[in-house]
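These figures come from a predicted structure and were not determined experimentally.
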Amino acid sequence: MRYKVLLAGNNKATIDDMFLHANDILECQSTSSRFDDIACHLKYFQPHVLVYCMHNETRDTMSQLVTIKHTKLERKTPFFVVATQEDCDEMRKLSADFSDMNLIKPLTALQIAEKIAAYLKHNYQIPEEEPAAAKPNPSEVLRAADHEQTQAILNDIDSLFTAAPVNTRKHILVVDDDFRMLKLIKRYLDDSYDIATAINGKVALKFLESKMTNLILLDYEMPGENGPAILEKLRGNPSTAQIPVIFLTGINDRKKIQQVLALKPQGYLLKPIDHDKLVEAIEATI
């Protein structure tokens, strides 16, 4: 098996090299250095190890890393640092037990990958193969969520991986890369609908592999795959083809709006989102 590694940090050259040269050993995923991004990827990607590749980090960034180490790694995920000896010494001043392993530069990406794999093989009992049909146990997810001390928006994202409650309320999936927009829409709709949130199309499509929704509110412009690309995938899958989609867009150019409508969504709403117009559009759709 390939070990799952979440890469973060300012040393983009090292991260790029890991993707290029360590692919046979590690399944790499990268995230930004933002606190919320790292925490979200830890919850969604569930890596075997978090590897932070340091380069000219500020003292504030280092302090945030210490916070992540001691509050976010709830699954006892190992935390490795790729850094110079000087940076490692600086980190020790903030936290003596900051990292589980310091990978001191210079090291090649392959050398880093081999050290990570050797550590995990020696210290952790990781199954060689996970059953393809294995699904998260909703009750276990909910019990774990009871003990989380995360920010409200992260709890919103966690709702993707919990079982939908059995009731008569309609379900809405909101897909937007703006955490503030996700939080705002959830606040607008939470009293009347069951809301799940996704920070990108990949998370949304993963959710829809095992759960269904009555409506998707889909951001038109997102990094990576944008809203039209996600809508095309939804329409191309028989299990999701009939789900109504309303675009959320900051586009107010007439020609571009016509391009939006040519994709035949059930509607579109201009940002900033107006509460009354949002509710009216939803009620007219589901």
Side-chain angles (χ1 to χ4, degrees), residues 1-69 72-73 75 77-92 94 98-124 126 157 177-179 198-206 219 221-226 229-230 233:
M1 67 164 291
R2 291 188 303 162
Y3 296 107
K4 295 168 66 175
V5 176
L6 180 61
L7 299 166
N10 287 335
N11 196 330
K12 305 304 180 186
T14 296
I15 292 174
D16 288 345
D17 285 346
M18 292 292 288
F19 277 97
L20 287 172
H21 303 298
N23 195 54
D24 290 340
I25 301 174
L26 306 175
E27 178 184 351
C28 294
Q29 176 71 269
S30 62
T31 181
S32 75
S33 298
R34 291 179 61 244
F35 183 89
D36 288 348
D37 285 348
I38 294 175
C40 178
H41 277 82
L42 287 170
K43 295 298 297 181
Y44 170 61
F45 184 54
Q46 296 187 356
H48 296 118
V49 60
L50 170 61
V51 178
Y52 198 91
C53 304
M54 297 184 68
H55 179 68
N56 294 332
E57 263 70 16
T58 65
R59 176 59 69 97
D60 286 344
T61 298
M62 292 182 180
S63 296
Q64 284 194 352
L65 292 175
V66 172
T67 302
I68 290 172
K69 163 69 175 178
K72 298 300 181 185
L73 300 186
R75 297 187 308 110
T77 308
F79 198 172
F80 295 174
V81 172
V82 179
T84 63
Q85 186 63 60
E86 290 77 11
D87 283 338
C88 290
D89 292 341
E90 189 68 22
M91 284 303 309
R92 288 196 187 95
L94 296 176
F98 170 68
S99 64
D100 296 286
M101 178 185 287
N102 292 329
L103 299 167
I104 307 299
K105 297 191 296 185
L107 287 171
T108 67
L110 185 57
Q111 288 172 328
I112 292 171
E114 289 173 344
K115 289 178 181 292
I116 292 171
Y119 179 98
L120 293 173
K121 185 175 182 179
H122 183 265
N123 291 281
Y124 291 86
I126 300 174
I157 294 169
D177 64 309
D178 187 335
F179 286 98
I199 59 170
N200 55 45
K202 181 178 180 180
V203 176
L205 294 173
K206 184 70 175 178
D219 187 20
E221 295 182 291
M222 293 183 290
E225 288 188 304
N226 61 15
I230 299 304
K233 288 187 176 181

Min side-chain heavy-atom separation [X]-[Y] under 4.5 Å:
X      : Y      : result
Val49  : Leu120 : yes
Lys115 : Leu107 : yes
Val51  : Leu7   : yes
Ile112 : Thr14  : yes

Taking every non-hydrogen atom, the tightest pair across [X] and [Y]:
X      : Y      : result
Asn10  : Tyr52  : N-OH, 4.4 Å
Thr31  : Ala8   : CG2-CB, 3.7 Å
Ala109 : Met18  : O-SD, 3.7 Å
Gly9   : Ile15  : O-CD1, 3.7 Å
Asp177 : Glu221 : OD1-O, 3.8 Å
Lys233 : Leu205 : CD-CD1, 3.7 Å

Evaluation steps, side chain to side chain contact (heavy atoms under 4.5 Å, CB included), between Val82 and Lys105 | CA-CA 7 Å; Val82 179; Lys105 297 191 296 185; 3.9 Å; yes

Working to the nearest 0.5 Å, report the span between [atom1] of [X] and [atom2] of [Y].
X      : Y      : atom1 : atom2 : value
Ile230 : Lys202 : CD1   : NZ    : 11.0 Å
Glu225 : Asn200 : CD    : CG    : 9.0 Å
Asp17  : Thr108 : CG    : OG1   : 9.0 Å
Leu26  : Phe19  : CG    : CZ    : 10.5 Å
Ser30  : Leu6   : OG    : CG    : 8.0 Å
Leu20  : Leu110 : CG    : CG    : 12.5 Å

In this structure, are over 12 heavy atoms from other groups packed under 6.0 Å from His21 atom NE2?
-> yes

Flag yes if more than 12 heavy atoms outside Lys12 fall under 6.0 Å of its NZ atom; otherwise flag no.
-> yes

Step by step, would you call Phe80 with Ile116 a side chain to side chain contact (heavy atoms under 4.5 Å, CB included)?
-> CA-CA 8 Å; Phe80 295 174; Ile116 292 171; 3.7 Å; yes

Does Ile104 offer a backbone N or O that forms a donor-acceptor pair with the side chain of Asn102 under 3.5 Å?
-> no

Please test Val81 against Asp87 for side chain to side chain contact (heavy atoms under 4.5 Å, CB included), starting from the C-alpha separation and ending with a verdict.
-> CA-CA 10 Å; Val81 172; Asp87 283 338; over 6 Å; no

Decide side chain to side chain contact (heavy atoms under 4.5 Å, CB included) for Phe45 and Glu27; before the verdict, give the C-alpha distance in whole Å, the side-chain angles of both, and the deciding distance to 0.1 Å.
-> CA-CA 11 Å; Phe45 184 54; Glu27 178 184 351; 3.9 Å; yes

